[in-house]
Amino acid sequence: MIVAAIIFIVLGILIKYGKMYWLVAGYNTMPKEEKEKYNIKGIANLFGNVMFGMAIIIILGYLIAKLTENQSIQNYAFWTSTIIGIPYLLIKSNSKKYKIKN
């Protein structure tokens, strides 16, 4: 589970701070004219924050599982972070908030 959390942290850093916007699904295949219609910095910030949040939930689940010696807690934490994080990310990133008005 720690490996999954590290992957989320690395992806969050690369997208948010490394400006590797091509890691955002769909953005890298858009034509230049379409890309100009989106606030990619805002979307990247959102992606980074969600990835960090998911990583924190996974790490907390791992630590609680170790403390309580109940290994199923880390699985619950992973699936909870995924079930909450992915839909939140998709809904927020596709909202009008990140479209540039012409």
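The model shown is predicted, which means the values in this text are computed figures rather than measured ones.
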Transitive ILVMFWY side-chain link [X] to [Y], under 4.5 Å:
X     : Y     : answer
Tyr21 : Ile13 : yes
Tyr76 : Leu60 : no
Met51 : Tyr62 : yes
Tyr17 : Leu23 : yes
Ile84 : Phe8  : no

Evaluate the side chain to side chain contact (heavy atoms under 4.5 Å, CB included) criterion for residues Asn75 and Met1: first the C-alpha distance (whole Å), next the side-chain angles of each, then the deciding distance (0.1 Å), finally the verdict.
CA-CA 8 Å; Asn75 293 328; Met1 288 300 159; 3.3 Å; yes

With heavy-atom distances below 4.5 Å as the criterion, would you say the side chains of [X] and [Y] are in contact?
X      : Y     : answer
Ile58  : Val3  : no
Ile100 : Lys37 : no
Lys66  : Gln71 : yes
Asn28  : Val24 : no
Phe78  : Met54 : no

Can you tell me how far [atom2] of [Y] sits from [atom1] of [X], rounded to the nearest 0.5 angstrom?
X     : Y     : atom1 : atom2 : answer
Ser93 : Asn39 : OG    : CG    : 12.0 Å
Lys92 : Tyr98 : NZ    : OH    : 5.5 Å
Ile2  : Gln74 : CD1   : CD    : 8.0 Å
Thr68 : Ile73 : OG1   : CD1   : 3.5 Å
Lys19 : Leu14 : NZ    : CG    : 12.5 Å
Met20 : Ile15 : CE    : CD1   : 10.0 Å

Worked check of side chain to side chain contact (heavy atoms under 4.5 Å, CB included) between Ile59 and Ile9
CA-CA 11 Å; Ile59 291 168; Ile9 291 169; 4.3 Å; yes

Step through the shown structure and confirm whether more than 12 heavy atoms of other residues, nucleotides or ligands are within 6.0 Å of NZ on Lys35.
yes

For Phe52 and Asn49: C-alpha separation, side-chain torsions, deciding distance, then whether side chain to side chain contact (heavy atoms under 4.5 Å, CB included) applies.
CA-CA 5 Å; Phe52 297 148; Asn49 291 342; 4.3 Å; yes

Looking at Leu90, is its backbone amide N or carbonyl O close enough to the side chain of Asn94 to form a donor-acceptor pair, meaning the two atoms are under 3.5 Å apart?
yes

Please step through side chain to side chain contact (heavy atoms under 4.5 Å, CB included) for the pair Tyr38 and Lys99, ending with a clear verdict.
CA-CA 5 Å; Tyr38 291 91; Lys99 284 204 174 191; 3.4 Å; yes

Minimal non-hydrogen separation, Ala5 against Ala55, with atom names:
O-CB, 3.5 Å

